[in-house]
Amino acid sequence: MSYIISESQRLASADSIIKSKHLEFDVRGMEITSNSVGFGQPLYTFLSEIVSYKCVSDEGGVIPLLPRCGVTLTFIDRGDEHYEVYICGPIRELRKIEVKKDNSVLLMNFIPGMANSLLRCPIEDLTETSAKATVLLHGGQQIYSSFAKPIELEAKIKQISAVLRTHILRTPHNNLITQCVRLIYETDGNIRAEALAEEMNVTARYIGKLFETYVGLSPKYCSGIIKLNEA
């Protein structure tokens, strides 16, 4: 007996592993909501998590951004119709977003290697930095307009996700990267590039080049970040 596994099923399987690893923590002065990235969400097989923050402290607050291997879309509502939308690349060190009372922040975190077709530049150009989504993101202006609409956050997320999906599907994703990322998460970061290469039946040098192109970090850094987050 044989079984046929579709591409969407395979991606969903890898995605569920990654989703199970996301961290939940309290941030002083913030109301935090984890939004569903379940089946039926337009970016189900591309996002690891969607998290929203609202500052309720009179003193304002700081939202920590842990080291991560994937691209993050960051939406900030500063109040008085002042909106900011950034595309943030992989980061090796802790970063932060400072906000005032009643400011809100929405983070859409992509699975490593899954956001390349959204970018107007190579992924390595965004490593350790960020840029305005209207400049470097395909459909960036439409995404900004959706976020600025006076509608509920859930409706904004749906509209933004639908726009992103039309662009993210234009370019086929690299299956080898997907499998490598899955293995790194499965082993909690305890796997070397040589072992990845052997598992995929390619050279370690080739794996390194793929990660530079599709992730923006080396396999060693990705494994280290995931190991750190697990610790």
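Bear in mind the structure is a predicted one, so any value in this text is a computation, not a measurement.
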Is it the case that the side chains of Gln41 and Ser161 hold a donor-acceptor pair, with the cut-off being a distance below 3.5 Å and no angle test?
yes
Any residue meeting side chain to side chain donor-acceptor pair (under 3.5 Å) with Asn201, in chain and number order, not counting sequence neighbours
none
Distance in Å, Cys55 SG paired with Asp102 CG, rounded so as to fall on 0.5 Å steps
7.5 Å
Euclidean distance, Ile143 CD1 relative to Thr134 OG1, rounded to 0.5 Å
10.0 Å
Let's go through Glu93 and Arg95 carefully: what are the C-alpha distance in whole Å and the side-chain angles of both, what is the deciding distance for salt bridge (charged side-chain N to carboxylate O under 4.0 Å, His left out) to 0.1 Å, and is it a yes or a no?
CA-CA 6 Å; Glu93 299 177 351; Arg95 302 295 176 88; 5.0 Å; no
Side-chain heavy atoms of Ser52 within contact of Ile32, under 4.5 Å
no
Heavy-atom closest pair (Val163 atom, Gly139 atom, distance to 0.1 Å) is CG1-O, 4.2 Å
Is there a side-chain contact (heavy atoms from CB on, under 4.5 Å) between Ser145 and Gln141? Walk through the geometry before answering.
CA-CA 6 Å; Ser145 299; Gln141 188 59 56; 3.8 Å; yes
Answer yes if Leu119 and Leu169 sit in the same cluster of Ile, Leu, Val, Met, Phe, Trp and Tyr residues linked by side chain heavy atoms under 4.5 Å apart, and no otherwise.
yes
So which heavy atom on Arg92 is nearest to which on Tyr221, and how close?
CD-CE2, 3.1 Å
Between Asn109 and Leu47, is there a side-chain heavy-atom distance shorter than 4.5 Å?
no
What heavy-atom pair brings Ile191 and Ser223 nearest, and what distance separates the two atoms?
O-OG, 3.3 Å
For Phe75, the ring-ring contact (aromatic ring centres under 6.0 Å, His included) test, sequence neighbours excluded, returns Phe147
Minimum side-chain heavy-atom gap Leu164-Pro42 below 4.5 Å:
no
To the nearest 0.5 Å, how far apart are CG in Leu137 and CD1 in Ile87?
5.0 Å
Hey, what do you get for CD1 (Ile225) to NZ (Lys220), rounding to the nearest 0.5 Å?
12.5 Å
Does a salt bridge link Glu154 with Lys156, judged by any charged N lying under 4.0 Å from a carboxylate O?
no
hydrophobic_cluster_shared for Val215 and Tyr206, side chain cutoff 4.5 Å:
yes
Checking Arg78 against Val99 for the side-chain contact (heavy atoms from CB on, under 4.5 Å) test, could you report, in this order, the C-alpha distance in whole Å, the side-chain angles of both residues, the deciding distance, and whether it holds?
CA-CA 8 Å; Arg78 301 285 188 188; Val99 291; 3.9 Å; yes
With a 3.5 Å distance limit and no angle check, can you tell me whether Asn190 reaches the backbone of Thr187 through a side-chain donor-acceptor pair?
yes
For Ser218 and Phe211, which heavy atoms make the closest approach, and how far apart are they?
C-CD2, 4.2 Å
Min side-chain heavy-atom separation Leu106-Ile50 under 4.5 Å:
yes
In short, Ala197 meets Ala204 closest at the heavy-atom pair CB-N, 3.4 Å
Is Ile123 linked to Val135 within one hydrophobic cluster, defined over Ile, Leu, Val, Met, Phe, Trp and Tyr using a side-chain heavy-atom separation of less than 4.5 Å?
yes
My understanding is that only residues two or more places apart in sequence, or in another chain, count here; which of them pass side chain to side chain donor-acceptor pair (under 3.5 Å) with Glu59?
Ser57
If we ignore hydrogens and angles and just use 3.5 Å, is the side chain of Asn174 paired with the main-chain N or O of Leu176 as donor and acceptor?
yes
Less than 4.5 Å apart, any side-chain heavy atom of Gln159 and any of Ile151?
yes
Could you go through the side-chain contact (heavy atoms from CB on, under 4.5 Å) check for Leu196 and Glu199 one step at a time?
CA-CA 5 Å; Leu196 282 174; Glu199 185 75 24; 5.7 Å; no
Taking Asn116 for the side chain and Thr213 for the main chain, is one N or O donor matched with an acceptor at less than 3.5 Å?
yes
Same cluster or not: are Val62 and Met30 linked, directly or through other Ile, Leu, Val, Met, Phe, Trp or Tyr residues, by side-chain heavy atoms under 4.5 angstrom apart?
no
Does a side-chain heavy-atom distance below 4.5 Å link Tyr53 with Glu31?
no
Under 4.5 Å between any side-chain heavy atoms of Cys121 and Leu126, yes or no?
yes
Can you say whether the rings of His173 and Phe46 are parallel (under 30°), tilted (30 to 60°) or perpendicular (over 60°)?
tilted
Could you walk me through whether Tyr83 and Ile76 satisfy the side-chain contact (heavy atoms from CB on, under 4.5 Å) test, starting with their C-alpha distance in whole Å, then the side-chain angles of each, then the deciding distance to 0.1 Å, before giving a yes or no?
CA-CA 6 Å; Tyr83 305 100; Ile76 307 175; over 6 Å; no
If you look at every heavy atom in Ala115 and Val71, which pair is closest and at what distance?
CB-CB, 3.9 Å
Do Asp77 and Glu84 make a side-chain contact, defined as non-hydrogen atoms from C-beta onward lying under 4.5 Å apart?
no
Could you give the distance from CD1 (Ile207) to CZ (Arg192), rounded to the nearest 0.5 Å?
14.0 Å
With no hydrogens and no angle check, is any side-chain donor or acceptor of Ser117 less than 3.5 Å from a backbone partner on Ile168?
yes
Keeping the roles fixed (side chain from Ser34, backbone from Val51), state whether a donor-acceptor pair exists under 3.5 Å.
no
Rounded to the nearest 0.5 Å, the CG atom of Leu66 sits from the CG atom of Leu228 at a distance of 8.0 Å
